[in-house]
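Presented below is the structure to which this report refers.
Lettering of chains follows the sequences in order, A, B, ..., and the numbering in each one begins at 1. What you see is a predicted model; the values in this text were computed from it and never measured.
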Number of protein chains: 2
Amino acid sequence: MHLFWEHGYEATSLAMLREAMGLTPPQIYNAFTDKETLFRKALTRYHETEIGFALEALSAPVPTREAIRRLLLGAAEAYSRPGKPGGCLFVSGALAASPQAQAIADELKAYRKASEAAIAQRLAKGRAMGDLPEGPSVEGFAKYIAGVMNGMSIQARDGASAEELRIMAQTALAALPAEGQNRGASSKE
Amino acid sequence: MHLFWEHGYEATSLAMLREAMGLTPPQIYNAFTDKETLFRKALTRYHETEIGFALEALSAPVPTREAIRRLLLGAAEAYSRPGKPGGCLFVSGALAASPQAQAIADELKAYRKASEAAIAQRLAKGRAMGDLPEGPSVEGFAKYIAGVMNGMSIQARDGASAEELRIMAQTALAALPAEGQNRGASSKE
DNA sequence: AATCTTCCATATCGATCGATACGAAACCTA
DNA sequence: TAGGTTTCGTATCGATCGATATGGAAGATT
């Protein structure tokens with residue numbers, strides 16, 4: 001998982017995986033069928049072990065803005081954990097891919113879209129509760145939040161520290177209207 | 001350039017380049033030395049032809065916030081041009097790379113860092129002129145702006161429309177204090 | 001017109017990719 | 001303990017990677 005996280009799907013060779021896992025090629029293929037299946041296993045594991053902060057933040061019984069704050073700060077921490085590759089596997093795994101790896105790229109894109117959809121769902125709940133008073137549509141906000149997280153992933157990969165990512169998260173949060181507060185009706189920037 | 005932009009450095013094979021350019025392998029190597037040099041030529045061309053909006057926005061004689069607004073909206077447009085690959089070549093070119101392509105990945109990272117530095121320089125000028133009153137440090141703001149642009153690049157690659165990217169840009173802009181206006185001294189979010 | 005030089009596309013290079021066939025070692029059964 | 005079976009690591013598979021050697025056509029020179 002760490003290798004795929006660090007180098008992406010295609011750039012991670014079986015030789016690297018073999019050395020890292022201490023397995024011979026037949027052992028790898030007996031256990032994981034092929035490279036693509038192995039990558040999907042790594043994706044599942046990543047989802048289960050590394051980004052629990054997201055589900056926690058979005059399902060916590062707190063105001064919407066606080067939920068988003070936890071989401072962004074959780075990302076800042078998760079994307080810069082010592083001993084782990086920087087950024088998010090869903091982004092690093094295969095942003096650009098060869099035609100042969102299109103299926104993998106599409107699957108990662110689906111993960112990113114699912115993350116955005118989860119954010120949108122939480123925002124919609126907030127809006128229904130009068131918790132997210134103004135500004136763009138729920139989808140627009142969700143795309144912004146998801147986009148900022150993707151951007152944090154790249155910044156992390158470029159060496160940004162946890163503290164720098166936290167600052168970025170807090171700055172991003174300032175774009176969301178504070179609770180019960182009106183941001184001023186600048187309908188068009 | 002479009003092929004590298006779409007598939008990234010490593011996933012773009014010489015066979016694809018050969019077909020796209022209508023050249024035979026020796027012609028390619030006579031003209032560009034090797035694949036790495038060809039990619040660097042494409043990078044230079046991209047820098048000259050596709051992202052002029054950035055320099056324009058940052059050097060325009062306008063208030064700081066307006067400069068950043070033009071930068072973000074310019075990115076929204078540049079990252080979703082019809083007939084062009086989505087996103088930014090500096091991001092798509094090689095986010096994750098094999099050890100053999102580390103030099104290319106490092107060069108792209110340098111381009112991204114240079115963009116962030118250019119933003120920081122513009123913000124520093126603004127702050128010196130009293131044009132960017134409050135909030136995080138200039139470096140923190142710059143990392144946020146650059147990060148948002150990187151995030152927009154990924155959203156564009158995931159199919160976001162120009163309009164959706166514009167909304168994201170405007171939402172991101174809301175994180176910057178309006179001119180001469182105080183955002184309220186919430187020192188710690 | 002005959003020869004020579006220049007140029008260029010095809011065919012192929014060694015290396016590496018993901019994936020597997022095969023032979024040896026270990027283990028269980030009789 | 002001998003035989004049969006299973007397991008597992010090495011050696012190698014065909015395909016493709018980036019890069020280049022070679023044979024033949026085109027044009028210049030004598």
Side-chain angles (χ1 to χ4, degrees), chain A residues 1-46 85 89-111, chain B residues 1-46 85 89-111:
Chain A
M1 182 182 82
H2 283 192
L3 282 172
F4 284 131
W5 194 352
E6 173 73 29
H7 300 288
Y9 172 67
E10 290 191 282
T12 302
S13 71
L14 277 187
M16 299 161 72
L17 294 166
R18 184 182 58 75
E19 184 173 5
M21 297 193 288
L23 296 179
T24 64
Q27 286 174 324
I28 294 181
Y29 283 89
N30 280 334
F32 304 104
T33 307
D34 59 9
K35 188 188 179 186
E36 193 170 325
T37 305
L38 171 57
F39 180 73
R40 290 203 160 87
K41 285 253 187 188
L43 271 188
T44 303
R45 186 173 196 82
Y46 177 80
L89 174 57
F90 295 160
V91 173
S92 306
L95 229 199
S98 73
Q100 292 82 9
Q102 194 61 49
I104 293 292
D106 288 345
E107 176 147 350
L108 285 168
K109 174 174 159 182
Y111 272 95
Chain B
M1 182 181 82
H2 283 191
L3 282 172
F4 284 131
W5 194 351
E6 173 72 29
H7 300 287
Y9 172 67
E10 290 190 282
T12 301
S13 71
L14 276 188
M16 299 161 69
L17 294 167
R18 183 182 57 74
E19 184 173 3
M21 297 194 288
L23 296 179
T24 64
Q27 286 174 325
I28 294 180
Y29 283 91
N30 280 334
F32 304 105
T33 307
D34 59 8
K35 188 188 179 185
E36 192 170 326
T37 304
L38 171 57
F39 179 73
R40 290 201 160 90
K41 284 252 186 187
L43 270 188
T44 302
R45 185 172 197 84
Y46 177 81
L89 174 58
F90 295 160
V91 173
S92 306
L95 230 199
S98 73
Q100 292 81 10
Q102 193 62 48
I104 292 291
D106 288 345
E107 177 148 348
L108 284 169
K109 175 174 160 182
Y111 272 96

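The interatomic distance linking A:Asp34 (CG) with C:dT20 (P) rounds to 8 Å, in whole Å. Computed from coordinates, the A:Ile28 CD1 to D:dC8 C1' distance equals 14 Å when rounded to whole Å. Per the geometry, CG belonging to B:Leu23 stands 15 Å off C1' belonging to D:dA19, to the nearest Å. If you measure from atom OH of A:Tyr29 to atom P of D:dC8, you get 18 Å, rounded to the nearest angstrom. Rounded to an integer number of Å, the gap from A:Arg18 CZ to D:dG9 P is 11 Å. Following rounding to the nearest Å, B:Leu38 (CG) and D:dC17 (P) show an atom-to-atom distance of 16 Å. Distance, A:Met16 CE to C:dT16 P: 14 Å, rounded to whole Å. When rounded to the nearest whole Å, the span between CZ of B:Phe32 and P of D:dG18 equals 15 Å.
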Practice task
Go through A:Thr33 and A:Arg40 one step at a time and tell me if the side-chain contact (heavy atoms from CB on, under 4.5 Å) criterion holds.
Solution key: CA-CA 11 Å; A:Thr33 307; A:Arg40 290 203 160 87; over 6 Å; no

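Because its NZ or CZ atom is both nearer than 6.0 Å to the ring centre of B:Tyr9 and within 45° of the ring axis, B:Lys35 counts as a cation-pi partner of that residue.
Using a 4.5 Å heavy-atom cutoff, the side chains of A:His7 and A:Met16 are in contact. At a threshold of 4.5 Å between non-hydrogen side-chain atoms, the residues A:Phe39 and A:Leu17 do not count as touching.
For the side-chain contact (heavy atoms from CB on, under 4.5 Å) with B:Tyr46, the qualifying choice from B:Phe90, B:Phe4, B:Tyr111 is B:Phe90, the only one to do so.
Within 4.0 Å of B:Ser98, counting heavy atoms only, lies no atom of the nucleic acid at all. Residue-level contact check: A:Asn30 touches neither bases nor backbone, having no heavy atom under 4.0 Å from any strand.
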Check nucleotides 10-15 of chain D against the protein and report each pair of N or O atoms closer than 3.5 Å, with its distance, or say if there are none.
none

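When distances run from any side-chain atom of A:Lys35 to the nucleotides D:dC8, C:dA19, D:dG18, the shortest one goes to C:dA19. In the set D:dG18, C:dG18, D:dG9, the nucleotide with an atom closest to the side chain of A:Ser13 is C:dG18. When the nucleotides C:dC17, D:dA19, C:dA19 are ranked by their closest atom to the side chain of B:Leu14, D:dA19 comes out on top.
To the nearest 0.5 angstrom, B:Ile28 atom CD1 is 13.0 Å from B:Thr37 atom OG1. Note: A:Leu14 CG to A:Leu23 CG = 11.5 Å, rounded to the nearest 0.5 Å.
Residue A:Gln27 places at least one side-chain N or O closer than 4.0 Å to OP1 or OP2 of D:dG9.
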